[in-house]
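Taking it in order: structure first as structure tokens, then the write-up.
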There are 2 protein chains.
Amino acid sequence: MTTGAGPGPGLRDRKKEETRLRLHTTALRLAVERGVGAVTVEEIAAVAEVSPRTFFNYFATKEDALVNTDAGRAAATHAAVLARPAEESPAEALRAVLTEHVRALEADRDLWRMRSELAARSPELAARAAGAGERFESALVDAAYARAGTDPARDLLPGLTARVAMAAVRAAYQQHRLAGQEGSLADRLATAFDAAGLR
Amino acid sequence: MTTGAGPGPGLRDRKKEETRLRLHTTALRLAVERGVGAVTVEEIAAVAEVSPRTFFNYFATKEDALVNTDAGRAAATHAAVLARPAEESPAEALRAVLTEHVRALEADRDLWRMRSELAARSPELAARAAGAGERFESALVDAAYARAGTDPARDLLPGLTARVAMAAVRAAYQQHRLAGQEGSLADRLATAFDAAGLR
DNA sequence: ATATCTTTCTGCACTCTGTGCAAAATCCAG
DNA sequence: CTGGATTTTGCACAGAGTGCAGAAAGATAT
């Protein structure tokens, strides 16, 4: 196994990621076109050129393929919070990480729009998305306590701060959506953080 | 039809409510006993003494029977916020309504514990619960904007305030859970509201 | 009490989701 | 190229969820 600037993840893992992404985007596209309920796993698999059985090797349920519930992202965010400079306050660290996260989301805007649209149309999906959001929030809360080094059963503040930060994200995002996705989401988020008293 | 202390809803509707509740509690009990995945709709229906087909006349999915996703509660909360005295600030109104809401939850503690336990064990259910929570939060946000009378696309504050209030509820609840459900949840919530700067 | 109308319950047939298992195909290392 | 590891696939199957039409039961009027 040559490391360095070599093949990196290796062909096998690269293919796996490709397939996962292809299934996700295919599912998303078909569902947007004709509605979540009117799309079958069989179709998705066929368009993505894998067997139906393989679909379930990547996603446990049809909805998972649409939400792309990535357990790794929550973990990555957790790590990112811990990686912030030690002199930053919890609020500052959370703010920095979430701002970065939102910037990343703004990058592939189209994908995000499709997801939002679907969630608005399907209660089933909205629930999934909410579940994913909650796991994300939990990761953030854990990270806040890890930075503070205090006991969650006694110290309210870190958890509260993390949740308020998420409240700011949601508020900023809703405003952004209602305003037709114009302007910078990151700017709106900064305003929301300030208004929430996070610093 | 004599009103007053009369038959009220009528036999038919009474039976319907009974059946619904029986299915809900049966599902909950079986799921707690042997795990969500190991219970089939067929069993639930059999124990509740209805046909499997009838189960689906009451709940669209097996999970719905467990979460008993009550759309009315969000609406009731919305109304409650609007019913608060006009001189209260948005934050005060939200605080009062949420405190009352939490007090009501503390009342039937056992039911709540079963639900929490199930949600902790089943990601599927956790997602449902999160979805219900989000609908609740949305109702609160709507109510805040209705009180403020401003445009959600322009005015960030009411939505942010409502979400921060929910953040306080979640933080207080988590602490309460981690502390073994001892003491008053309402008191913890008051502390959380203060710490979040809501007044 | 009887006849009639309305709503609910139920059985049946069917599609789709999701899982376990073993064989085939594919990738990787030496 | 060869042997070992992983991934893909087909197959069989149980359970979820739906549409439909007839049976059962509550409601209503005479």
Side-chain angles (χ1 to χ4, degrees), chain A residues 1-4 6-24 26-27 30-31 34-69 118 122-125 127-128 131, chain B residues 1-3 6-24 26-27 30-31 34-69 118 122-125 127-128:
Chain A
M1 169 81 63
T2 72
T3 36
L11 174 58
R12 194 167 260 168
D13 294 295
R14 236 181 309 138
K15 271 201 157 182
K16 225 175 158 184
E17 261 322 293
E18 271 175 36
T19 303
R20 182 184 191 86
L21 184 60
R22 198 168 62 248
L23 281 171
H24 174 51
T26 302
L30 290 181
R34 65 187 109 127
V36 178
V39 180
T40 68
V41 169
E42 201 177 346
E43 286 176 300
I44 299 170
V47 175
E49 296 179 302
V50 285
S51 77
R53 187 64 186 81
T54 296
F55 175 94
F56 289 109
N57 286 343
Y58 284 89
F59 300 100
T61 71
K62 188 171 71 171
E63 285 74 28
D64 277 346
L66 292 167
V67 174
N68 199 11
T69 179
L118 277 183
S122 156
E124 182 65 30
L125 276 196
R128 292 277 172 166
Chain B
M1 169 85 60
T2 72
T3 38
L11 174 58
R12 195 169 261 166
D13 294 296
R14 237 180 310 136
K15 271 202 158 181
K16 222 174 158 184
E17 261 321 293
E18 272 175 35
T19 303
R20 184 186 191 83
L21 184 59
R22 198 168 63 249
L23 282 171
H24 174 52
T26 301
L30 291 181
R34 62 188 111 133
V36 179
V39 180
T40 69
V41 169
E42 200 177 347
E43 286 177 298
I44 299 171
V47 175
E49 296 179 301
V50 287
S51 76
R53 188 62 186 84
T54 295
F55 175 93
F56 289 109
N57 286 343
Y58 284 89
F59 300 101
T61 71
K62 187 171 71 171
E63 285 74 28
D64 277 346
L66 292 167
V67 174
N68 201 10
T69 180
L118 277 182
S122 154
E124 182 64 29
L125 276 195
R128 292 276 171 167

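All heavy atoms count here, side chains included; hydrogens, waters and symmetry mates do not. Letters go in sequence order (proteins before strands), and every chain restarts at 1. Just so it is clear, the structure is predicted and the values come from calculations on it, not from any experiment.
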So ring pair (Phe, Tyr, Trp, His ring centres under 6.0 Å) across residues 36-57 of chain A, not counting sequence neighbours, yields A:F55-A:F59
Taken to the nearest whole Å, CG/A:N57 to P/C:dG20 is 11 Å
To the nearest 0.5 Å, atom CG of B:N57 lies from atom NZ of B:K16 at 9.0 Å
Contact string for nucleotides 13-19 of chain D, one letter per nucleotide 5' to 3', B = base within protein heavy-atom range under 4.0 Å, S = sugar-phosphate only, - = neither, reads ---SBBB
Extract from the structure each pairing of a protein N or O with an N or O of nucleotides 21-26 of chain D at less than 3.5 Å, listing the distance.
residue: D:dG26; atom: N3; partner: B:R12; partner atom: NH2; Å: 2.9

In whole angstroms, the gap separating P of D:dA27 from CG of B:D13 amounts to 8 Å
Write down the protein N/O and nucleotide N/O pairs, taken from nucleotides 2-5 of chain C, whose separation is under 3.5 Å; answer none if there are no such pairs.
none

By side-chain hydrogen bond (donor to acceptor under 3.5 Å, both in side chains), which residues pair with A:T61, not counting sequence neighbours? none
Find the bend of the helix from C:dA1-D:dT30 to C:dG30-D:dC1 as the angle between its two terminal axes (five pairs each), to the nearest 10°. 30°
Separation of atom CG in A:D64 from atom P in C:dG18, rounded to whole Å: 8 Å
Can you give me the closest heavy-atom contact between B:P52 and B:V41, atom names plus distance? O-CG1, 4.4 Å
A:E124 has an atom CD; how far is it from atom C1' of C:dC16, in whole Å? 14 Å
Specify the residues of residues 44-52 of chain A, ordered by number, for which at least one heavy atom lies under 4.0 angstrom from an atom of DNA chain C. none
Smallest separation among heavy atoms of B:S122 and B:V36, with atom names: CB-CG2, 3.9 Å
Taken in chain and number order and not counting sequence neighbours, the residues that satisfy side-chain hydrogen bond (donor to acceptor under 3.5 Å, both in side chains) with A:H24 are A:R115
With A:R34, which residues qualify under salt bridge (Lys or Arg N to Asp or Glu O under 4.0 Å), at least two apart? A:E43
Can you name the nearest heavy-atom pair linking A:L23 to A:I44, along with the distance? O-CG2, 4.0 Å
Counting N and O atoms only, with roles assigned by atom type, does the side chain of A:K62 sit under 3.5 Å from a partner on the main chain of A:A27, one being a donor and the other an acceptor? no
What salt bridge (charged side-chain N to carboxylate O under 4.0 Å, His left out) pairs are there with at least one residue in residues 47-58 of chain B, not counting sequence neighbours? none
Please give me the minimum heavy-atom distance between A:V39 and A:G35, naming the atom from each residue. CG2-O, 3.4 Å
So, the side chain of B:S51 versus the backbone of B:T54: is there a donor-acceptor pair under 3.5 Å, distance only? yes
What residues form a side-chain hydrogen bond (donor to acceptor under 3.5 Å, both in side chains) with B:R22, not counting sequence neighbours? none
In chain order, what residues pass the salt bridge (Lys or Arg N to Asp or Glu O under 4.0 Å) check against A:E42, with sequence neighbours excluded? none
Check the pair B:E124, A:R128 against side-chain contact (heavy atoms from CB on, under 4.5 Å), reporting the backbone distance first and the verdict last. CA-CA 8 Å; B:E124 182 64 29; A:R128 292 277 172 166; 2.9 Å; yes
Between C:dC9 and B:Y58, is there an OP1 or OP2 to side-chain N/O distance shorter than 4.0 Å? yes
